[in-house]
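In this text, all values refer to a predicted model and were calculated from it rather than measured experimentally.
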Amino acid sequence: MEAQKPNPVQPQAKKPAQPQAKKEGSNVGGIKNAFLVIIACFIVAVCLFIFWFGHESHFEEGHPIDLWGTIYKGGVIVPILQTLFLTVIVLSVERWIALSSAKGKGNITKFVAGVKACLAKNDIAGAQKLCKNQKGSVAAVVAAALVRYEEMDKNTVLTKEQKIATLQKEVEEATALEMPALQQNLPIVATMTTLGTLVGLLGTVIGMIKSFQALAASGAPDSTELSTGISEALINTAFGIATGAFAVISYNFYTNKIDNLTYAIDEIGFSIVQTFAATH
């Protein structure tokens, strides 16, 4: 009697994986790693200092004959100050592009007024269409709030107070998702306001030390060493002041633009919640 062979176990069909809802991040672009920007600016600054400012065409018998040669006489602190200055310029341009995309295509004031008008007529579809056309951070927050608005409108389980709290929470979460992208790299620009001035002051002190060393030399003071020390002091002072001033202007300008976007988000978010509370 032959032993029966066991039937092979049939592999069970795998159930299709259910798609998981992903929370979308901010649609505001920008440079994520500012450290790479600083490295690139340092390389550019060193190349400019060596191959352009220090080129022999800007000197005659060791003395600078134009502004570029005079800048070269500023010493080793100059490339550092140039790095800071270039970093401020690059990050300022980057913030301009990023905040322009965050603003969206149309005027923010008109967009907010249009959404509020749609809410007053209970035209949620019209408000969503405005968000789709506007794009940007404000529209992203409003669109997320409108989706939750519709969900709460159809919900028959939660109380009115719970629906309002849920809607408020959605607005806050959507706003919190956008804010880091809006403020990205601005702390670095703020740091440059102080760092540029301090590094410039360091170069000034080094230049003055060289000047006093030339004056303290035995016999007649060396005019070349004296002029080199004074040039180093003045060039570093100029670069430090320019870097700090430009960084302050850039930081305050973009902070004001972010505040305007934040006010628009707060205004429209408050209108959505108040409209829901008044109509339900």
Side-chain angles (χ1 to χ4, degrees), residues 26 28-55 58 64 66-102 178-213 227-262:
S26 173
V28 180
I31 298 175
K32 305 299 181 183
N33 193 347
F35 179 74
L36 298 179
V37 174
I38 298 175
I39 295 298
C41 290
F42 178 73
I43 294 173
V44 172
V46 171
C47 291
L48 282 174
F49 182 75
I50 295 175
F51 300 109
W52 176 247
F53 299 140
H55 194 268
H58 303 305
D66 54 20
L67 178 62
W68 310 121
T70 303
I71 293 176
Y72 182 79
K73 288 295 185 180
V76 295
I77 301 295
V78 171
I80 300 176
L81 287 168
Q82 287 178 330
T83 299
L84 301 180
F85 187 72
L86 290 174
T87 301
V88 172
I89 293 177
V90 173
L91 293 183
S92 297
V93 173
E94 180 266 346
R95 281 295 86 193
W96 175 270
I97 297 173
L99 292 181
S100 297
S101 66
E178 294 293 330
M179 289 307 297
L182 295 177
Q183 297 175 343
Q184 183 175 288
N185 294 329
L186 279 184
I188 297 177
V189 176
T191 302
M192 297 300 176
T193 61
T194 304
L195 188 60
T197 305
L198 291 177
V199 175
L201 179 61
L202 175 62
T204 302
V205 172
I206 293 175
M208 295 306 298
I209 290 174
K210 290 183 178 180
S211 299
F212 285 120
Q213 286 178 341
S227 62
T228 299
I230 295 175
S231 297
E232 184 170 351
L234 296 179
I235 290 298
N236 288 305
T237 301
F239 265 114
I241 293 175
T243 301
F246 190 78
V248 168
I249 294 172
S250 176
Y251 179 79
N252 290 332
F253 176 77
Y254 290 119
T255 299
N256 182 65
K257 290 179 70 71
I258 292 173
D259 288 342
N260 291 335
L261 291 174
T262 304

Undergrad: Any donor-acceptor pair under 3.5 Å linking the side chain of Asn236 with the backbone of Gly74?
TA: yes
Undergrad: Of all heavy-atom pairs between Cys41 and Val90, which one has the smallest distance, and what is that distance?
TA: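 Closest approach of Cys41 to Val90, heavy atoms only: SG-CG2, 4.0 Å.
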Undergrad: Classify the ring geometry of Phe246 against Phe85: parallel below 30°, tilted from 30° to 60°, perpendicular beyond 60°.
TA: tilted
Undergrad: Would you mind listing every side chain to side chain donor-acceptor pair (under 3.5 Å) that reaches into residues 242-251, with sequence neighbours excluded?
TA: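 Side chain to side chain donor-acceptor pair (under 3.5 Å) check on residues 242-251 returns Ser92-Ser250.
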Undergrad: Answer yes or no: is there a side-chain heavy-atom contact under 4.5 Å between Ile235 and Lys73?
TA: no
Undergrad: Would you compute the distance between atom CD1 of Ile77 and atom CD1 of Ile80 and round it to the nearest 0.5 angstrom?
TA: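 One gets 4.5 Å once the value is rounded to the nearest 0.5 Å.
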Undergrad: Does the side chain of Leu91 come within less than 4.5 Å of Arg95's, by heavy atoms?
TA: no
Undergrad: Quick one: side-chain hydrogen bond (donor to acceptor under 3.5 Å, both in side chains) partners of Thr70, sequence neighbours excluded?
TA: none
Undergrad: Working to the nearest 0.5 Å, report the span between CG of Leu99 and CH2 of Trp96.
TA: 9.0 Å
Undergrad: For Phe49, give me all partners under ring pair (Phe, Tyr, Trp, His ring centres under 6.0 Å), at least two apart in sequence or on another chain.
TA: Tyr72
Undergrad: Could you list all the side chain to side chain donor-acceptor pair (under 3.5 Å) pairs where at least one residue sits in residues 34-55, not counting sequence neighbours?
TA: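 Side chain to side chain donor-acceptor pair (under 3.5 Å) check on residues 34-55 returns His55-Ser57.
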Undergrad: Rounded to the nearest 0.5 Å, how far does CG of Asn256 lie from CG of Leu261?
TA: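 Answer for the CG-CG pair, Leu261 versus Asn256, is 10.0 Å.
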Undergrad: Under the side chain to side chain contact (heavy atoms under 4.5 Å, CB included) rule, collect the residues that match up with Leu234, sequence neighbours excluded.
TA: Ile230
Undergrad: In chain order, what residues pass the side chain to side chain contact (heavy atoms under 4.5 Å, CB included) check against Phe35, with sequence neighbours excluded?
TA: Asn33, Ile39
Undergrad: How close do Pro79 and Val46 get, heavy atom to heavy atom, and via which atoms?
TA: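 For Pro79 and Val46, the tightest heavy-atom pair comes out as CB-CG2, 4.4 Å.
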Undergrad: Rounded at 0.5 Å granularity, tell me how far CE in Met179 sits from OG1 in Thr262.
TA: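 Separation between the atoms: 3.5 Å.
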Undergrad: For Leu67, enumerate each residue passing the side chain to side chain contact (heavy atoms under 4.5 Å, CB included) test, keeping only those at least two apart in sequence or located in another chain.
TA: Ile71
Undergrad: Given 3.5 Å as the limit, does a donor-acceptor pair link the side chain of Gln184 with the main chain of Ile31, or not?
TA: yes
Undergrad: Once side chain to side chain contact (heavy atoms under 4.5 Å, CB included) is applied, do any residues pair with Asn252, and if so which ones, sequence neighbours excluded?
TA: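 For Asn252 the side chain to side chain contact (heavy atoms under 4.5 Å, CB included) partners, ignoring immediate neighbours, are Val248.
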Undergrad: Please report the shortest heavy-atom distance between Thr83 and Ala45, naming the atom on each side.
TA: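 Where Thr83 meets Ala45 most closely, the heavy atoms are OG1-CB, 3.5 Å.
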Undergrad: Quick one, Gln82 with Val44, criterion side-chain contact (heavy atoms from CB on, under 4.5 Å). Give me CA distance, side-chain angles, the key distance, then yes/no.
TA: CA-CA 9 Å; Gln82 287 178 330; Val44 172; over 6 Å; no
Undergrad: Name the atoms and distances for all side-chain donor-acceptor pairs under 3.5 Å in residues 189-199, with sequence neighbours left out.
TA:
unit_1, atom_1, unit_2, atom_2, d
Thr191, OG1, Pro187, O, 2.8
Thr193, OG1, Ala190, O, 2.4
Thr197, OG1, Thr193, O, 3.2

